[in-house]
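See below for the structure under consideration.
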Protein chains: 2
Amino acid sequence: MTEQPAQTTTAGDPATARGEQTRQLIRDTAMRLFRERGYAQTTMRAIAQEAGVAVGNAYYYFGSKDHLIQEFYAQSQVAHRAAAQPVLDREEAFGARLAGVLHAGIDVLTPSHGFAATFFKTAAEPTSPLSPFSAESSGPRQAAIELFGEVLTGSTAKVDAELRPQLPELLWLAYMGVILYWVHDRSPGQTKTRQLIDGAVPLIDRLVALSRLRVLRPVTRQVLDLIRTLRH
Amino acid sequence: MTEQPAQTTTAGDPATARGEQTRQLIRDTAMRLFRERGYAQTTMRAIAQEAGVAVGNAYYYFGSKDHLIQEFYAQSQVAHRAAAQPVLDREEAFGARLAGVLHAGIDVLTPSHGFAATFFKTAAEPTSPLSPFSAESSGPRQAAIELFGEVLTGSTAKVDAELRPQLPELLWLAYMGVILYWVHDRSPGQTKTRQLIDGAVPLIDRLVALSRLRVLRPVTRQVLDLIRTLRH
DNA sequence: GTCGGTAGTTGAACACGTTCAAGAAGGGCG
DNA sequence: CGCCCTTCTTGAACGTGTTCAACTACCGAC
């Protein structure tokens, strides 16, 4: 329906499209209010009022309140990528790179803990376009998976040839698991999530290394076959 | 606030409490409409009308529309337990018992695939009392964990002594993972979920067996320490 | 410069979940 | 029977997300 008209404009830079200012204004206002009041407590009327536009105008740019969440995803993904860059430049060991990138992801999300939690409620619904597994999210998801590809590419780790192509997506999946834990993490400063990362990374590291052993080849293959079967 | 008054009644059988009939009527009507129309498409007004009561009356027994979901959980858990009984009576091998119980769980849920999916949206929200990790759900959760305890107790499997006390909860967690996959499973008849179970159970079986090996002791301990740390 | 069409904007209106003050029904006790 | 207290029931009213017919602002074409 009527969504993201800037992108359906015939040619031309979307940034200079007429409504682009309004679009950004509404988005930024929404993000601010989400942070200040939380998601549920922020009404569409409040967003519109604070942005100085009519309610219907917000719906011209964003199909629903939930669609504003996707905007949050996109922003977070970009911020994660940026925050991960120093780690990718600095570290060479697979474990250090992975831990760094995972920590960077949580770093970026930390200011939003509390209200981001409610987001993942919507994200968990399979029918929702906001699901990280959905087609609509494939853009940010691919970007995220690629980030974990870089974790691997730039590292000194030697990975089983069969495992390698699957690994970035598996690492992304592990990252989703970390986020799921983080969302439920009530420990002050989400310390437990940090412990989870620091505890799980060495295990993943060891597991990846073990995958090359001849003795474990059958298991590795069995796991990979299962994963291949389960992918859509 | 005003919830489940039958349980706050001073002594006496809740089943004979005055409003218990109405309570069940509303619950059953809601479940039927959920099945017929889906969760979002079923309005509280429709539930009330079909049950022949006022809207407010439904709220007297169930604090919110979401609370009706918890009713669905409870029913499903009981049905799962019943469906698992034959397997527990018949099978002795750990793998067969685990696979049977997991399949039984999906069997019970299958008729509700589609609308049950939207339920888990709410379940994923950490702040929601409907979260499988929440205190409010601890009853059904404990029952479910105990079911996996029986999978273990009645089996011939030899399990590492340190792992054993943690294992039922871990198996329950794996079951949650299966359900998460099932919810997103769009394959006809959710065949893929069945494949997931049949593929993952042998791996879990092997893993549990390996946990006793002296060589892997450090890893086992490392994993268990991490899990213990992460639990609340 | 005016005309026409698209992009952008408006706010009242709708359906929904939820609340609550008011009342009805039941039952124990004098 | 009359009284009181708890349990149960009612439906109008509120705030919310969302829709949509109407309107305005802009821009290229002639």
Side-chain angles (χ1 to χ4, degrees), chain A residues 1-27 29-30 33-34 37-49 51-69 118 121-122 125 128-130, chain B residues 1-27 29-30 33-34 37-69 118 121-122 128-130:
Chain A
M1 326 303 168
T2 64
E3 45 186 50
Q4 310 202 4
Q7 294 191 356
T8 60
T9 298
T10 59
D13 184 3
T16 61
R18 267 210 282 149
E20 192 59 20
Q21 275 187 55
T22 314
R23 184 187 165 82
Q24 285 180 21
L25 175 63
I26 292 169
R27 185 195 60 197
T29 308
L33 291 184
F34 285 165
R37 316 179 182 180
Y39 180 69
Q41 284 70 39
T42 302
T43 69
M44 290 301 282
R45 284 168 180 81
I47 294 172
Q49 191 178 346
V53 299
V55 189
N57 203 5
Y59 281 91
Y60 181 75
Y61 291 101
F62 304 96
S64 73
K65 192 183 176 187
D66 283 356
H67 275 75
L68 283 163
I69 297 180
T118 42
K121 157 189 173 175
T122 319
E125 189 182 15
S128 163
L130 303 179
Chain B
M1 323 305 163
T2 65
E3 44 188 51
Q4 309 200 5
Q7 295 190 354
T8 60
T9 298
T10 58
D13 185 3
T16 62
R18 266 210 283 146
E20 191 59 21
Q21 275 187 52
T22 315
R23 185 188 164 82
Q24 284 180 21
L25 175 62
I26 293 169
R27 187 195 59 197
T29 308
L33 291 184
F34 285 166
R37 315 180 183 178
Y39 181 68
Q41 285 70 40
T42 302
T43 70
M44 290 301 281
R45 284 169 179 81
I47 294 172
Q49 191 177 345
E50 289 265 320
V53 299
V55 189
N57 204 4
Y59 281 91
Y60 181 76
Y61 292 101
F62 304 95
S64 73
K65 193 183 176 187
D66 283 356
H67 276 74
L68 283 164
I69 297 180
T118 41
K121 157 188 175 175
T122 318
S128 163
L130 302 180

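From a predicted model like this one, the values you see are computed outputs, not experimental measurements. Proteins get letters first, then strands, A, B, ... in listed order; numbering begins at 1 in each.
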**Message:** So, does A:Tyr60 get its side chain near the phosphate of C:dT10, meaning an N or O under 4.0 Å from OP1 or OP2?
**Reply:** no
**Message:** For a 4.5 angstrom cut-off between non-hydrogen side-chain atoms, does B:Asp66 reach B:Tyr39?
**Reply:** yes
**Complete:** Rounded to whole Å, the CZ-P distance (A:Arg37 to D:dT16) equals 10 Å
**Message:** Is there a side-chain contact between B:Asn57 and the phosphate of D:dT10, meaning an N or O under 4.0 Å from OP1 or OP2?
**Reply:** yes
**Message:** What contact category does A:Val53 fall into here, base, sugar-phosphate, or nothing, at under 4.0 angstrom with non-hydrogen atoms?
**Reply:** sugar-phosphate
**Message:** Quick check on DNA chain D: between A:Gly56 and A:Arg45, whose nearest nucleotide comes earlier from the 5' end?
**Reply:** A:Arg45
**Request:** Mind running side-chain contact (heavy atoms from CB on, under 4.5 Å) on A:Ile47 and A:Leu68 for me, showing each step along the way?
**Result:** CA-CA 11 Å; A:Ile47 294 172; A:Leu68 283 163; 4.0 Å; yes
**Request:** Measure from OH on A:Tyr61 to P on C:dT10 and round the result to the nearest Å.
**Result:** 10 Å
**Distance below 4.0 Å between A:Thr22 side-chain N/O and C:dG8 OP1 or OP2** = no
**Request:** Nearest-nucleotide wise, let me know which of A:Ala54 and B:Thr43 is further upstream toward the 5' end of DNA chain C.
**Result:** A:Ala54
**Message:** Without decimals, in angstroms, what is the distance between A:Glu20 CD and C:dT9 P?
**Reply:** 11 Å
**Prompt:** Side-chain contact, heavy-atom cut-off 4.5 Å: A:Arg23 with A:Phe62?
**Reply:** yes
**Asked** Taking only N and O in the side chain of A:Tyr59, is any of them less than 4.0 Å away from OP1 or OP2 of D:dT18?
**Response** yes
